[in-house]
Amino acid sequence: MKNLKEAKIGETVRVVKIHGEGAIKRRIMDMGLTKGVEVYIRKVAPLGDPIEVTVRGYELSLRKADAEQIEVE
């Protein structure tokens, strides 16, 4: 499996699992990134941080460290 950080621009992926512990996992889930949701990769900043995605109809910017915690297919 790959993580959200490894997904390419223009790709639509589905969240399989969120790794991490406690507050980090809760914050990611509070942003709407839960198991089974589709995520469209819109943009990646020149140095790879942050990553801009569309999830549940809104744009969201994620840090590279947070994107690595999200396993996708």
Side-chain angles (χ1 to χ4, degrees):
M1 285 287 172
K2 64 180 178 177
N3 60 40
L4 190 60
K5 179 183 161 258
E6 297 166 348
K8 306 291 181 215
I9 296 171
E11 191 176 359
T12 300
V13 294
R14 183 179 306 273
V15 176
V16 175
K17 184 175 182 181
I18 299 172
H19 300 279
E21 297 283 326
I24 296 168
K25 185 174 181 177
R26 170 58 46 202
R27 185 167 50 88
I28 291 170
M29 292 176 72
D30 286 346
M31 289 188 278
L33 290 161
T34 55
K35 184 178 177 182
V37 73
E38 287 192 349
V39 180
Y40 174 73
I41 314 303
R42 291 180 41 112
K43 294 186 236 174
V44 178
L47 297 175
D49 201 10
I51 299 166
E52 188 175 310
V53 299
T54 300
V55 59
R56 299 183 190 261
Y58 69 94
E59 282 85 38
L60 175 66
S61 291
L62 290 168
R63 293 183 300 178
K64 196 167 30 174
D66 292 341
E68 288 175 341
Q69 301 294 319
I70 303 166
E71 188 176 313
V72 297
E73 63 179 3

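Worth saying up front: this structure is predicted, and the values here are computed from it rather than measured.
Residues satisfying the salt bridge (charged side-chain N to carboxylate O under 4.0 Å, His left out) criterion with Lys2, sequence neighbours excluded, are Glu11. Applying the side-chain hydrogen bond (donor to acceptor under 3.5 Å, both in side chains) rule to Glu68 yields no partners; only residues at least two apart in sequence or on another chain are considered. Residues passing the side-chain contact (heavy atoms from CB on, under 4.5 Å) test with Glu73 are Met1, Arg14, Val16, sequence neighbours excluded. Applying the side-chain contact (heavy atoms from CB on, under 4.5 Å) rule to Ile24 yields the partners Ile28, Asp66; only residues at least two apart in sequence or on another chain are considered. Residues passing the side-chain contact (heavy atoms from CB on, under 4.5 Å) test with Lys35, sequence neighbours excluded: none.
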Contacts table for residues 39-52: side-chain donor-acceptor under 3.5 angstrom, sequence neighbours left out:
residue : atom : partner : partner atom : Å
Arg42   : NE   : Glu52   : OE2          : 2.9
Arg42   : NH1  : Glu59   : OE2          : 3.4
Arg42   : NH2  : Glu52   : OE2          : 3.4
Asp49   : OD1  : Lys64   : N            : 2.8

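Of the candidates Arg27, Glu21, Met29, Met29 is the only one forming a side chain to side chain contact (heavy atoms under 4.5 Å, CB included) with Lys25.
For the residue pair Val55 and Gly32, the shortest heavy atom distance occurs at CG2-O, 3.9 Å. Heavy-atom minimum distance, Ala7 versus Val13: CB-CG1, 4.3 Å.
Remark: Ile70 CD1 to His19 NE2 distance equals 10.0 Å, nearest 0.5 Å. A distance of 4.0 Å separates OG1 in Thr34 from CZ in Arg56, rounded to the nearest 0.5 Å. Distance check, rounded to the nearest 0.5 Å: NZ of Lys5 to CD of Gln69 gives 11.5 Å.
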